[in-house]
Protein chains: 2
Amino acid sequence: MSGRGTNVQHHRAAGRPSVAVLSRGLIFETALRLLDERGENGFGMREIARALGVRPSALYNHVRSKEDVLDGIRDLIVARFDLSGFGVLPWDEALAQWARSYMGSFAAHPPTIAMLAVQPVAQGSRTSLMYEAVTAGLMDAGWPADRVFEVIVGLESFIIGSAFDQAAPQDMFDPSDDAGLSAMRRAYDAREQSLEGERPSSRAFERGLRVMLSGLRAELAQLNRDTDAD
Amino acid sequence: MSGRGTNVQHHRAAGRPSVAVLSRGLIFETALRLLDERGENGFGMREIARALGVRPSALYNHVRSKEDVLDGIRDLIVARFDLSGFGVLPWDEALAQWARSYMGSFAAHPPTIAMLAVQPVAQGSRTSLMYEAVTAGLMDAGWPADRVFEVIVGLESFIIGSAFDQAAPQDMFDPSDDAGLSAMRRAYDAREQSLEGERPSSRAFERGLRVMLSGLRAELAQLNRDTDAD
DNA sequence: TACACTAACGAACGGTGTTCATTAAAGAAC
DNA sequence: GTTCTTTAATGAACACCGTTCGTTAGTGTA
């Protein structure tokens, strides 16, 4: 009945508890679980506290703000990104591995995408270390410093957009009852049908990723040719 | 003293005013102006009402909710998208025109990007008509129905990401004081320097756009070849 | 044993979007 | 021209949110 930690039902008196009931990690994991289960609405400090059997104000002994919680959630997700290719595989394969794991990790937690795409990256977070690793990987592979940023941002934009699409295409634009939207209606249905159970937009993602990578390969080759010519 | 509409300072009695002081259009325009001036914070129903010389509850005679206001703002911005190329120019040039105007319209109103990228598109809005036009344009040019959606989503993802980047790169990830981020620091500085007053990331946008379009041209050519072979 | 520190509770605070009763003008019906 | 419905303003709430603060109690150190 008791000791599960997550669901102490009856009253706890004020004052420090004998056994620790909260930690940053526990708060982050609970928050992520709630976000997945209930979506962006119904996810707040009071809900997190309730799920942990605690009063809302208790959270603030471990966490500075809700934004801090969001940062913690992001780090949980970013921890699953695959950086192992950089320095080992060719840069384009490493980048593809990173992009796929990026996409997959966010797609596994749909409601986080919208929230995290908007939020600036916290300093000192695991997330900023991830960016550092990718940046360094590309520069070691010969990409000029003044282009690396744009390469990452461009690719990332595409990834986030795809994750958005994968998470909630029917919500984002559903031509359901709207009059005068025949082309969209047809395109929407045709796509729905041609997917046939395939994870939606993973196909579009693979195609787009290949297009972007081949473009980048061509650009780097061109840059190297220009450099050799000097 | 009176009748200016936008800034009636002193008390107005309850009851319907002799001259109309509010309309949906006026509310949307005011809201967009406030969003541009003060950013996402300091933009709320109370602020909009104050700017219009009106009590907050008065807005709800013209507008269903804050979300409704957001939808109105989106339509204001989307109205500036350039759809003129579809049916006139080759599909790829029409698409490029659309993409550039899309990017430019949002970049002109930075705080809107984050808010609108997240919000689903309202039914019956000018925005959904815009999507209809693009969809029809691509299908008329020979794109198969089951691919159009993914083409648009992929390109749009890239556009929104670029607009994000253009709006607030220094906020999104600033490697300022963080230790152990040498590669990012170098890339960040090199890019900053090489821009030299150029509108940030418009260069990255042009490059990325060209990459995606050439990829799409190749794909459509391949699709046509497959069809001819049958 | 004394004292600082940590971490819970519980009651607030200021802010938000929104609703509702009230009031008064506009416009339609007879 | 009077009456009635509709429209659109005010102003006072409501529920909810993230957050702060005073209080209480257990932990670890001098």
Side-chain angles (χ1 to χ4, degrees), chain A residues 2-3 5-28 30-31 34-35 38-73 115 118-119, chain B residues 2-28 30-31 34-35 38-73 111 115 118-119:
Chain A
S2 74
T6 7
N7 207 358
V8 177
Q9 204 70 321
H10 45 257
H11 196 70
R12 172 175 35 237
R16 189 183 212 194
S18 310
V19 288
V21 290
L22 289 182
S23 71
R24 282 179 70 84
L26 197 55
I27 291 172
F28 296 155
T30 306
L34 284 178
L35 202 51
R38 311 189 191 179
E40 190 165 352
N41 298 0
F43 159 78
M45 300 305 270
R46 282 172 174 82
E47 273 76 21
I48 300 173
R50 190 142 40 89
L52 287 164
V54 142
R55 293 293 125 93
S57 57
L59 299 174
Y60 288 86
N61 290 318
H62 303 267
V63 144
R64 276 186 302 280
S65 62
K66 190 182 184 183
E67 195 182 310
D68 194 15
V69 177
L70 263 306
D71 289 335
I73 290 178
M115 306 192 72
V118 167
Q119 202 91 24
Chain B
S2 74
R4 284 279 348 284
T6 8
N7 207 358
V8 177
Q9 205 69 323
H10 48 255
H11 197 70
R12 174 178 31 241
R16 188 183 215 199
S18 310
V19 288
V21 291
L22 289 182
S23 71
R24 281 179 70 84
L26 198 55
I27 290 172
F28 296 155
T30 306
L34 285 178
L35 202 51
R38 311 190 190 177
E40 189 165 354
N41 298 359
F43 159 78
M45 300 305 269
R46 281 171 176 83
E47 271 75 14
I48 299 173
R50 190 143 39 89
L52 287 164
V54 143
R55 293 294 123 91
S57 56
L59 300 174
Y60 287 87
N61 290 319
H62 303 266
V63 143
R64 274 186 305 281
S65 62
K66 190 182 184 181
E67 195 181 312
D68 194 15
V69 176
L70 263 306
D71 288 337
I73 290 179
M115 306 192 73
V118 167
Q119 202 90 25

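Just so it is clear: chains get the letters A, B, ... in the order the sequence lines come, proteins before strands, and each one is counted from 1.
For the pair L59(A) CG and dT6(C) P, the computed distance is 18 Å after rounding to whole Å. Going from atom CZ of R64(B) over to atom C1' of dG17(C) covers 15 Å, rounded to whole Å. In this structure, R50(B) atom CZ and dG17(C) atom P are separated by 12 Å, rounded to whole Å. With rounding to whole Å, N61(B) atom CG is found 13 Å from dA21(C) atom C1'. The nearest whole Å value for the distance from the CD atom in E40(A) to the P atom in dC17(D) is 13 Å. We find that CZ of R24(B) is positioned 15 Å from C1' of dA8(D), with the value rounded to whole Å. Distance, R12(A) CZ to dG26(D) P: 12 Å, rounded to whole Å. One atom, CD1 of I27(A), and another, C1' of dG18(D), lie 14 Å apart when rounded to the nearest Å.
The side chain of R55(B) lies closest to dT10(D), out of dT10(D), dT27(D), dG17(C). Listed candidates were dA9(D), dG17(C), dA8(C). Nearest to the side chain of V21(B) is dA9(D). Side chain of S18(A), nearest nucleotide from dA8(C), dG26(D), dT23(C): dG26(D). Among the nucleotides dT16(C), dT18(C), dC20(C), the one closest to the side chain of Y60(B) is dT18(C). Candidate nucleotides dC17(D), dT20(D), dA8(C) were compared by shortest atom distance to the side chain of R46(A), and dC17(D) ranks first. In the set dT10(D), dT19(C), dC9(C), the nucleotide with an atom closest to the side chain of A58(B) is dT10(D).
Contact annotation: the side chain of L22(A) never approaches that of N61(A) to less than 4.5 Å [non-hydrogen atoms, C-beta and beyond]. L59(B) has its side chain within reach of L52(B): a pair of non-hydrogen atoms, C-beta onward, lies under 4.5 Å apart. Proximity of M115(A) to L35(A): side-chain heavy atoms (C-beta onward) are separated by under 4.5 Å at one or more points.
Dashed line: the shortest gap from a side-chain N or O of H62(A) to OP1 or OP2 of dT6(C) is not under 4.0 Å.
The 5' end of DNA chain C is approached more closely, in terms of each residue's nearest nucleotide, by R16(A) than by the other of R16(A) and F43(B). Looking at which nucleotide of DNA chain D each of P17(A) and P56(B) is closest to, the 5′-most match is held by P56(B).
Among the protein residues, A13(A) comes within range of the sugar-phosphate backbone only, with heavy atoms under 4.0 Å from sugar or phosphate atoms but none that close to a base.
Taking CD1 of I27(A) as the start and CD1 of I48(A) as the end, the distance is 7.5 Å to the nearest 0.5 Å.
For a distance-only test at 3.5 Å, the side chain of S65(A) fails to qualify as a donor-acceptor partner of the base of dG18(D).
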Report task. Any chance you could lay out the side-chain contact (heavy atoms from CB on, under 4.5 Å) test for H62(A) and F28(A), step after step, and finish with the verdict? Result -> CA-CA 11 Å; H62(A) 303 267; F28(A) 296 155; over 6 Å; no
